Amino acid sequence: MYAVIQARLSYLDSRTNVPEDHPPAATAPLLEPDALAGLTPEAQREAWHRVADLLESVNSEAAATISRLQSTTADGPDSHPGHTGSDDRRNVSVTLNASGAISGLTLSEKWLGSASTERVVEALLEAFQAAYESLDAVPGYDQPSQTPAADRIMALTNDPARLARWLRQEED
């Protein structure tokens, strides 16, 4: 289990562009306590409805992205048996579906009986790495999705003053 988790985390870490030697930046409060002061209760409700609508759009974008990832093969997601990788000695085999979820894991029972825990972990990591490389090689898998709502949320949450103006409908 540890090896599976480590393989998934290593893969996800490799897909981000955040250098490990930089600590996460300190975050400012999302909104100042008085950001909506002076707005009528109706205007405050409208502001939170705008937030809800934007979050609903982000949810729709996420669903569309997941759907696109699940259909990255030319003939549809069910036509491809998966993206399989093995360790160098072919004792471990990992299969991922088109969205990157584990759909199969096979270990040689004969080998497993005599292998050390360290070697089992190494073999699992090798097999996962090979499976992820196979998945990454699918044309279109790495193409970024258009996510205007998610981009909007990122821009608003990175600038508390801008978020407050947007909530007060001073900015679109």
Side-chain angles (χ1 to χ4, degrees), residues 1-30 51-159 163:
M1 201 59 173
Y2 171 78
V4 170
I5 292 168
Q6 283 302 112
R8 297 280 293 174
L9 290 175
S10 294
Y11 175 72
L12 292 173
D13 283 345
S14 73
R15 308 269 303 159
T16 63
N17 293 326
V18 179
E20 289 183 27
D21 59 343
H22 289 78
T27 57
L30 194 55
V51 170
D53 290 345
L54 188 55
L55 290 173
E56 187 174 322
S57 296
V58 169
N59 189 43
S60 295
E61 287 174 357
T65 299
I66 290 168
S67 177
R68 181 184 64 80
L69 289 174
Q70 289 176 335
S71 62
T72 54
T73 58
D75 301 321
D78 296 330
S79 66
H80 194 281
H83 305 277
T84 302
S86 298
D87 68 312
D88 59 349
R89 294 184 182 158
R90 306 237 183 258
N91 292 314
V92 177
S93 175
V94 173
T95 303
L96 306 173
N97 67 18
S99 63
I102 300 169
S103 61
L105 176 63
T106 307
L107 290 97
S108 165
E109 288 183 34
K110 181 179 177 183
W111 169 78
L112 190 57
S114 62
S116 68
T117 302
E118 182 179 343
R119 181 60 193 132
V120 172
V121 169
E122 288 173 5
L124 279 164
L125 290 172
E126 288 175 27
F128 269 100
Q129 182 178 354
Y132 286 127
E133 287 172 3
S134 172
L135 180 63
D136 286 342
V138 173
Y141 180 75
D142 248 357
Q143 291 179 352
S145 297
Q146 297 298 316
T147 56
D151 295 344
R152 181 72 172 153
I153 281 185
M154 292 300 294
L156 290 171
T157 57
N158 284 327
D159 183 350
L163 176 59

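Model, not experiment: these values are computed from the prediction.
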### Summary
Rounding to 0.5 Å, atoms CD (Gln129) and CG (Asp136) come to a distance of 10.5 Å
### Query
What heavy-atom pair brings Trp111 and Val92 nearest, and what distance separates the two atoms?
CZ3-CG2, 3.7 Å
### Query
Are Val94 and Tyr132 side-chain neighbours, meaning at least one heavy-atom pair lies under 4.5 Å?
no
### Query
side-chain contact (heavy atoms from CB on, under 4.5 Å) with Glu109: which residues, sequence neighbours excluded?
none
### Query
Do Leu55 and Asn59 pass the side-chain contact (heavy atoms from CB on, under 4.5 Å) test, and can you show the C-alpha distance, the side-chain angles, and the key distance before you say yes or no?
CA-CA 6 Å; Leu55 290 173; Asn59 189 43; over 6 Å; no
### Task
Might you point out which heavy atoms bring Asn97 and His83 nearest each other, and give the distance in Å?
O-CD2, 3.9 Å
### Message
For Thr95, is there any backbone N or O sitting under 3.5 Å from a side-chain donor or acceptor partner on Ser103?
### Response
yes
### Message
As an exercise, state the distance from CD of Glu133 to CG of Leu135, rounded to the nearest 0.5 Å.
### Response
11.0 Å
### Message
Which heavy atom of Ser93 sits nearest to which heavy atom of Thr84, and what is that distance?
### Response
OG-CG2, 3.3 Å
### Task
List in chain and number order the residues that pass side-chain contact (heavy atoms from CB on, under 4.5 Å) with Arg89, two or more places apart in sequence or in another chain; answer none if no residue qualifies.
Asp87, Asn91, Arg119
### Under the side-chain contact (heavy atoms from CB on, under 4.5 Å) test, residues paired with Ala149 that sit two or more places apart
Leu54, Ser57, Val58, Glu61
### Query
Nearest 0.5 Å, what's the CD1-CZ distance between Ile102 and Phe128?
3.5 Å
